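Note that the coordinates shown come from a computational prediction; the quantities given were computed from them, not determined experimentally. Convention: sequence-line order gives letters A, B, ...; per-chain numbering from 1. Hydrogens, waters and symmetry mates play no part in the numbers below; they use all other heavy atoms, side chains included.
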Amino acid sequence: MFNLNKAKEAQQRLSNLISLEYSGKPIKTIGAVDCSYDFSRQLIAAVVVILEINSLRLLTEVESQDRIPLPYIPGFLNFREAPVIFKAWRKLASPPDVLLVDGNGIAHPRRMGLASYIGLLLDQATIGCAKSPFFPYQPPAIERGSTSPFYNDRGEQVGLCLRTRTGIKPVFVSPGHKMDISTAARIVLKLARYRLPEPLRLAHQRAQQVFRSKS
DNA sequence: GCGACAG
DNA sequence: ATCTTGTCGC
């Protein structure tokens with residue numbers, strides 16, 4: 001069964017393997033992943049979508065389901081959502097150049113948020129784009145594109161608070177794996193027409209549909 | 001001991 | 001995450 005201390009040790013050990021450098025390869029395809037739940041049946045679903053970076057045209061979509069493996073424990077979302085995400089990932093013919101994840105990357109108590117965990121185990125460039133942070137932050141200026149750095153409890157910068165829409169609550173961008181802070185923020189801003197980047201909005205919408213037989 | 005705490 | 005449509009405001 002799940003052991004909190006073992007889990008912490010694993011996260012800390014894995015965090016040393018994270019790369020904060022992007023290959024520099026031009027990005028042609030962008031992926032996004034999100035999960036949804038059916039608590040009445042204890043099921044979790046993961047959807048991965050891949051879009052063409054400029055046209056935002058949907059190229060691929062895969063989905064998988066599983067029993068919910070663990071209750072939600074702050075700081076351990078990776079052990080809850082990664083398994084079903086890996087299951088869906090195996091259905092992909094080819095991976096995207098970069099994968100967006102709904103959650104944090106290195107902006108995590110042990111620098112091992114869901115985005116970093118997924119990126120590391122899949123050897124995939126990932127970006128964490130969270131709707132709320134683990135750490136305190138200073139709100140960026142009100143205009144779209146404004147940013148403010150935020151730090152973990154050790155004083156290390158772990159991401160950028162990014163205003164993707166003027167006057168709207170910012171998002172919290174942090175590298176997952178094979179990614180750097182500024183490139184991550186640049187990509188998220190480029191893809192954001194609304195608060196969240198389009199690929200994540202699509203993945204979220206599709207994940208929701210899984211447990212809703214209607215339209 | 002108490003409150004915080006991605007989704 | 002999820003329960004849930006319309007409504008008010010930029």
> For A/T60, which of A/V48, A/V49, A/L92, A/L51 qualifies under side-chain contact (heavy atoms from CB on, under 4.5 Å)?
Replying inline: A/L92
> Between A/I118 and A/W89, is any pair of side-chain heavy atoms under 4.5 Å apart?
Replying inline: no
> Side-chain donor-acceptor pair under 3.5 Å between A/N78 and A/Q11, yes or no?
Replying inline: yes
>> Tell me which residues in residues 30-48 of chain A lie within less than 4.0 Å of DNA chain C, going by non-hydrogen atoms.
In response: A/S36, A/Y37, A/F39
> Can you check whether A/S132 has a side-chain N or O nearer than 4.0 Å to OP1 or OP2 of B/dG7?
Replying inline: yes
>> Mind checking if A/F76 touches a base, just sugar-phosphate, or nothing, with heavy atoms under 4.0 Å?
In response: base
>> Are B/dG7 and A/Y72 stacked, with the base six-membered ring and the side-chain ring centres under 5.5 Å apart and planes under 30°?
In response: yes
>> If I take atom CG in residue A/L114 and atom P in nucleotide C/dA1, what distance separates them, rounded to the nearest angstrom?
In response: 13 Å
> Does a nitrogen or oxygen in the side chain of A/K131 sit under 4.0 Å from OP1 or OP2 of B/dA6?
Replying inline: no
>> Less than 3.5 Å apart, any donor N or O on the side chain of A/Y72 or A/E81 sitting next to an acceptor on the other?
In response: no
> Rounded to the nearest Å, what distance is computed from the CD atom of residue A/Q208 to the P atom of nucleotide C/dT4?
Replying inline: 13 Å
> A/H204 NE2 to B/dG7 P: how many Å, rounded?
Replying inline: 11 Å
>> For a quick check of understanding: with a heavy-atom distance under 4.0 Å over all strands, which category does A/G167 fall into, base, sugar-phosphate or nothing?
In response: nothing
> Counting only heavy atoms not in A/E21, do more than 12 fall under 6.0 Å of its CD?
Replying inline: no
> To the nearest angstrom, how far is A/I68 atom CD1 from B/dG7 atom C1'?
Replying inline: 11 Å
> Roughly, in whole Å, what's the span from CZ in A/F79 to P in B/dG7?
Replying inline: 18 Å
> Do A/L191 and A/I53 have side chains that get closer than 4.5 Å, going by heavy atoms?
Replying inline: yes
> Which whole-number value in Å describes the distance from A/K169 NZ to C/dG9 P?
Replying inline: 22 Å
> Roughly how many Å is it from CG in A/L200 to P in C/dA1, rounded to a whole number?
Replying inline: 11 Å
> Under 4.0 Å between a Lys/Arg side-chain N and an Asp/Glu carboxylate O for A/R206 and A/E61?
Replying inline: yes
> Can you tell me how far C1' of B/dA6 sits from CG of A/N152, to the nearest Å?
Replying inline: 15 Å
